[in-house]
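Atoms within a ligand are numbered from 1 in the order they appear, just like the ligands themselves. Predicted model, so just to flag it, every value in this text is computed and none were measured. FYI, side chains are in, hydrogens and waters are out, and symmetry mates aren't considered; it's all heavy atoms of this structure.
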Amino acid sequence: MQGHTRDLFDGASLDTRHEPLAPGAWLLHGFALDKVTAVLAAIEDIRAAAAFRHLVTPGGFRMSVAMTNCGRLGWVSDRRGYRYADCDPLSGRPWPPMPRVLLELAQTAAQAAGFSDFDPDACLVNRYEPGARLTLHQDKDEGDLSAPIVSVSLGLPATFLFGGDLRKDRQRRVPLQHGDVVVWGGPARLHYHGVLALKDGNHVVLGSQRLNLTFRRAT
Ligand code: MD6
Ligand code: FE
């Protein structure tokens, strides 16, 4: 898809290209920018109901990324493994419902990347502070691998590592900025990926952090 820039009042312009990363994977530059205020308010409501926490991997390591969830199901990890759970293990209560603005953002982004009828039932919310990283992994705990994943980046920039179906496959380094959305499915659905350690910085809206939302169809 071409599409390039949107002019602002003073002649400056926003990058709104739709960039193909691989068959089935798109980087939608700036796709979430016009909804950021409402998206951040929604994340604040989620955080108030289900706090960010550092999960422990099955191998016993504390993850550097802090996580919470909204939607019918939430992704959790502990010594017993990775899985989707319908209640927050910290509170014992259901995860907060997925706010409409988040659902609509995920659905319009999926549509823009060629995936119609995306109906996510889980949204993982990741908070990165400087130094936090996500090692190379596949997203394969979902029951429905025919649905794409939609990933929204906010705050400090990060470098996304995007590989192939095998851990050893060569990885691209994809810079992700505030408001960018990555959509990922079809032949790319099980590609290995990760996030390099977040560099220190100060973002005008979010300060010294990066927030990421990943929407999935878990069942
Ligand atoms: C992140 N994202 O960007 C972590 N997974 O903070 C992911 O692990 C991810 O961005 C699948 C598809 C897109 C993603
Ligand atoms: Fe992932």
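Atom NE2 is the N, O or S atom of His137 at the shortest distance from the Fe ion (ligand 2). Distances from the Fe ion (ligand 2) to each N, O or S atom of Asp139 single out OD1 as the nearest.
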Could you pull out the N/O contacts under 3.5 angstrom between ligand 1 and the surrounding protein atoms?
{"residue": "ligand 1", "atom": "3 (O)", "partner": "Arg210", "partner atom": "NH2", "Å": "3.1"}
{"residue": "ligand 1", "atom": "3 (O)", "partner": "Asn212", "partner atom": "ND2", "Å": "3.1"}
{"residue": "ligand 1", "atom": "5 (N)", "partner": "Asp139", "partner atom": "OD2", "Å": "2.9"}
{"residue": "ligand 1", "atom": "5 (N)", "partner": "His193", "partner atom": "NE2", "Å": "2.7"}
{"residue": "ligand 1", "atom": "6 (O)", "partner": "Tyr128", "partner atom": "OH", "Å": "2.5"}
{"residue": "ligand 1", "atom": "6 (O)", "partner": "Arg210", "partner atom": "NH1", "Å": "2.8"}
{"residue": "ligand 1", "atom": "6 (O)", "partner": "Asn212", "partner atom": "OD1", "Å": "3.4"}
{"residue": "ligand 1", "atom": "8 (O)", "partner": "His137", "partner atom": "NE2", "Å": "3.2"}
{"residue": "ligand 1", "atom": "8 (O)", "partner": "His193", "partner atom": "NE2", "Å": "3.2"}
{"residue": "ligand 1", "atom": "10 (O)", "partner": "Ser151", "partner atom": "OG", "Å": "2.7"}

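Note that the CG atom of Asp180 and the OG atom of Ser153 stand 6.0 Å from one another [nearest 0.5 Å].
The existence of a salt bridge linking Arg83 and Asp78 is confirmed by a sub-4.0 Å separation between a basic side-chain nitrogen and an acidic carboxylate oxygen.
Of the options Asn126, Leu40, Val152, a side-chain contact (heavy atoms from CB on, under 4.5 Å) to Leu211 is made by Leu40 and by none of the others.
The closest side-chain donor-acceptor pair between His193 and Asp139 falls under 3.5 angstrom. For the residue pair Asn212/Ser151, the side-chain donor-acceptor check at 3.5 Å is satisfied.
Through direct or indirect side-chain contacts shorter than 4.5 Å among Ile, Leu, Val, Met, Phe, Trp and Tyr, Leu134 is connected to Leu21, Leu27, Leu55, Met63, Val65, Met67, Leu73, Trp75, Tyr82, Tyr84, Leu124, Tyr128, Ile149, Leu156, Phe160, Phe162, Val174, Leu176, Val182, Trp184, Val195, Leu198.
Between His29 and His18, the distance from one ring center to the other does not fall under 6.0 angstrom.
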